[in-house]
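Report on the following structure.
This chain uses plain numbering: 1 for the first residue, then up along the sequence. Small disclaimer: the values here were computed from a predicted structure and weren't measured.
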Amino acid sequence: MSEAVSEEPAVEASLQAFTETLCDSETYQQFVDASEQLEADDEAQSLLETYQQKQQQLQGDEFDSSVMSDLQELQTELSNNETIQQHRAAQEELVALLKQTNDVVSEQIRREFAQSLGGGCC
């Protein structure tokens, strides 16, 4: 048991270094930049908020075709909004990186890495 206890600081240090490296990656930084741009874009924020409100309305008791129509129109606007698309692309790239990272680490430790963490990385 003392061997496992003595390995814990090394594992924690390795995990900390891994997390810092991941958070310093260009992919993560692009996601952070895209998130900041999205937060600063009032038009994009308004579109997203309206879309979410319409989604909630659609989840009500009765189906409302006008709400569905509004959602479809908003979806088109979301697809045409450059800030939102840049954020989505950056998010997809980050998710792909995290999946690849999880696969490599999981292979090395012979168990599912993401499940063993119980939380986010950055």
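- Expressed to the nearest 0.5 Å, how far CD of Glu43 lies from CG of Leu48 amounts to 10.5 Å.
- One distance of note links CG of Leu74 with CD of Gln55; it measures 9.5 Å at 0.5 Å rounding.
- With values rounded to the nearest 0.5 angstrom, Ile84 atom CD1 is found 12.0 Å from Gln91 atom CD.
- Rounded to the nearest 0.5 Å, atoms CD (Glu26) and CD (Gln30) are 4.5 Å apart.
- Crowding of Asn80 atom CG: a count of heavy atoms from other residues, nucleotides or ligands under 6.0 Å exceeding 12.
- Between the Ser46 side chain and the Asp42 main chain, no donor and acceptor come within less than 3.5 Å of each other.
- Contact detail for Asp64 and Leu58: the closest heavy-atom pair is O-CD1, 4.0 Å.
- Between the Gln57 side chain and the Val67 main chain, no donor and acceptor come within less than 3.5 Å of each other.
- Under the 4.5 Å side-chain heavy-atom criterion for ILVMFWY residues, no single connected hydrophobic cluster contains both Val95 and Phe31.
- Counting heavy atoms from C-beta on, the side chains of Leu22 and Tyr28 never come closer than 4.5 Å.
- Gln16 and Glu12 share no side-chain donor-acceptor pair at under 3.5 Å.
- Thr83 OG1 to Glu39 CD: the interatomic distance, rounded to the nearest 0.5 Å, is 12.0 Å.
- Leu15 and Val104 sit in two unconnected hydrophobic clusters of ILVMFWY residues. Membership requires side-chain heavy atoms under 4.5 Å apart, directly or through other members.
- Distance check, rounded to the nearest 0.5 Å: CG of Leu71 to CG of Leu78 gives 9.5 Å.
- Among residue pairs with one or both ends in residues 67-93, those qualifying as salt bridge (charged side-chain N to carboxylate O under 4.0 Å, His left out) are Lys54-Asp70; sequence neighbours excluded.
- Contact between His87 and Ser35 at its shortest, heavy atoms only, is NE2-OG, 3.1 Å.
- Val105 places a side-chain heavy atom less than 4.5 Å from the side chain of Phe18.
- Ser25 places no side-chain N or O within donor-acceptor distance of the main-chain N or O of Thr21, the cut-off being under 3.5 Å.
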